[in-house]
There are 2 protein chains.
Amino acid sequence: MKNRLSEGARAAPAGTNERPTLKTIAFMTGLGITTVSRALKDAPDIGTETKERVRLVAAQIGYQPNRAGVRLRTGKTNVISLILSLEEEIMGLTSPMVIGISEVLATTQYHLVVTPYRAQGNALDPVRYVLETGAADGVIISRTEPKDPRVALMMERNFPFATHGRTEMGLTHPYHDFDNERFAYEAVRKLVEQGRKRLVLLQPPPYLTFYLHMRAGFERGIRDFGATAVPFNEVNLDSSLVDIRRAAENLLRAPNAPDGIVSGSGSGAVALVAALEADGLKLGEHIDLVSKESQMLLQWLRPEVMTMREDIRLAGRELAKAVIARIEGRAPEELQTLSYPIPTGET
Amino acid sequence: MKNRLSEGARAAPAGTNERPTLKTIAFMTGLGITTVSRALKDAPDIGTETKERVRLVAAQIGYQPNRAGVRLRTGKTNVISLILSLEEEIMGLTSPMVIGISEVLATTQYHLVVTPYRAQGNALDPVRYVLETGAADGVIISRTEPKDPRVALMMERNFPFATHGRTEMGLTHPYHDFDNERFAYEAVRKLVEQGRKRLVLLQPPPYLTFYLHMRAGFERGIRDFGATAVPFNEVNLDSSLVDIRRAAENLLRAPNAPDGIVSGSGSGAVALVAALEADGLKLGEHIDLVSKESQMLLQWLRPEVMTMREDIRLAGRELAKAVIARIEGRAPEELQTLSYPIPTGET
DNA sequence: CAAAATCACTATATCGTTACAGTTTTCCCA
DNA sequence: TGGGAAAACTGTAACGATATAGTGATTTTG
């Protein structure tokens, strides 16, 4: 009944196997473009039967909305921007993070755009870029600082984002974080259980939030389990492995050298092992080491190193879910998650 | 002189600190939108002085073309799509690859979109997606097969792309590859120099092109240096480290066990080391191992392992340059590069 | 039974950009 | 001096989608 091809025949779309648009569907169903658009959006003012018909045809010809069209008209980009620091590459965190995010985005319309920045000082640039050009609907950042200007900026603009790592600005925003406090605390416990007393921490660079957490867990462990903290500030997790090794060799040769080490990363631990063995020390005998570990490397090549795992891929998944939820308007306080050290051996 | 604000005053753009568009510049200069557009494109029919003026204003207000507008009108997305397999994450190749690509794209207008696919069988899906939706101007793929359907498809459609790894289809396309033939050949040389005679290769999965190269180099080395190849087909570089270790333990306990191993990846080598030590063998004494190595892990924890480096970040840079050149119309035969094993110790 | 409300659908304008087809103005040359 | 061409600029339409403001039937309601 309703299928009158009424006033002024609609133009047939040009090429036969061009990419279908709303116009194509409109032509095929005899409806107006607007109707098709609204039908696909399940708008309340379109008849049930019509919606059915439109959906059928759309599925049949494999219609997919033109992203540029939508973006131009509505401003919605369907893009999540992952902003990363080149330092992360050194730690090898990028791969599993990207994979984790992708796993979640694959079930949505979102694409993942990766934007790295060079030096520490430029961390704000990519965020500004996204804000100014509207390049994405949401942003994921990592390596947060206690007072993070990127977080301040995006909060001020009310722009959806999620952070890998927490902040300390009294602002409530979505985050996912690994419990580095717990990690360091448990690490100290293990060392003391081995009879170690003079402990050092190979820690994050001091301007990052998780420095505070890891440091706090370490200090708390020192107090609770009755050990002594030996300072080790010449290098940190961002230093090159060569520098870490050199600094550790010096430390271990100094008077009052430590007999237990906590390493905040697996690759850092490798440098530490190289250093202590160069100094003729034996793991498990003269000294003990607890480390984060991502693969099975340490576990197999130096089983004496005690390890705990941090699941970065999970972090990627959580962060992706959080930004999307934020874009959809969920409250930030519901989008904060923590993950915990995984005892080596478990999945 | 030319600055007449002539017939029918042009509408002033709305909000004061909205994002500037061509319209904004047109209003500020008193020119038409078309003129501004063409001026910024350095078109020949615009006066030199006018171009200057437009460029100045554009720079002043920080004009950046709206990507959605350009994309809708011209079809140019200014996007490069990196398509990766989840297997790559296991090898940890993603990070440096992404960084390398980004380094190059940062100097251009291109954005990097990362699209992973799940299982081996779905490798074509993301390529089809890009082709069908026009989601990118160019594509980078890796893990090529000798007859690679993705390459065939993109060649047929004349779509710009570059591959990490070569193919063997008689089609000329841009690629970057590591010389795995040379790597394996040199590895065999080193082992024979240590007096090793019965050699195995921990090789790539057989359906990938670089299996052929690595295998060929290995066999050639065996012939040239007079050694024997011991088969080892139960596992390959895509196998889990646990499986590799188990298979290697069995191999080493069998009669006629090898006394030299070539490993196509650093993490594979870790599993091999774990296996041979579990069997009570000593590196450099009962057996020798040559491996690719990306970090300093093996070098420091098992200096007895001989290593060569593959620069994945460089690969990323080369691939990015190649796709872009291809998009700009350069001939594919000019866009094929190889990189060579880097002796450990050099940068 | 006329006025109001509801239902199902549609035309138009617009987002920012560029291809194309003009329009003026100036200048040159026969 | 007039015709033609070159130089410099501009209006319109279109890319594909959607927000807004309709239109014309049909149904409800007082």
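The analysis underlying the following values was restricted to heavy atoms, covering all of them including side chains, and did not include hydrogens, waters or symmetry mates. A note on names: the letters A, B, ... follow the listed sequences, proteins ahead of strands, and every chain is numbered from 1.
Proximity of Lys41(B) to the phosphate of dT18(C): a side-chain N or O atom is located under 4.0 Å from OP1 or OP2. OP1 or OP2 of dT18(C) lies within a sub-4.0 Å distance of a side-chain N or O belonging to Ser37(B). Between Thr50(B) and dC9(D) there is a side-chain N or O to OP1 or OP2 distance below 4.0 Å.
Within residues 61-71 of chain B, no residue has a heavy atom under 4.0 Å from DNA chain D.
Among the protein residues, Thr34(A) comes within range of the nucleic acid bases, having at least one heavy atom under 4.0 Å from a base atom. Backbone-only engagement by Thr21(A) is indicated by non-hydrogen atom pairs under 4.0 Å involving sugar-phosphate atoms exclusively.
Put simply, CD1 on Ile25(B) is 14 Å from P on dT10(D), counting in whole angstrom units. When the P atom of dA17(D) is taken as reference, atom CZ of Arg19(A) falls 7 Å away, rounded to whole Å. Across the protein-nucleic acid pair, Ile33(A) atom CD1 and dA8(C) atom P stand 22 Å apart, rounded to whole Å. One interatomic measurement links the two molecules: CZ of Arg73(B) to P of dA17(D), which rounds to 16 Å at whole-angstrom precision. In this structure, CG of Leu22(A) is placed 4 Å from P of dA17(D), rounded to the nearest angstrom. Across the protein-nucleic acid pair, Asp45(B) atom CG and dT23(C) atom P stand 16 Å apart, rounded to whole Å.
Picking from dT18(C), dT10(D), dT10(C) the nucleotide with the shortest atom distance to the side chain of Leu31(B) gives dT10(D). When each of dG16(C), dC9(D), dT10(C) is scored by its nearest atom to the side-chain atoms of Thr35(A), the top-ranked nucleotide is dT10(C).
The ring of His164(B) has its center no closer than 6.0 angstrom to the ring center of Tyr175(B). The distance between the ring centers of Phe159(B) and His173(B) does not fall below 6.0 angstrom.
Each of Val36(B) and Thr74(B) was assigned the nucleotide of DNA chain D with the nearest heavy atom; the assignment lying further toward the 5' end belongs to Val36(B).
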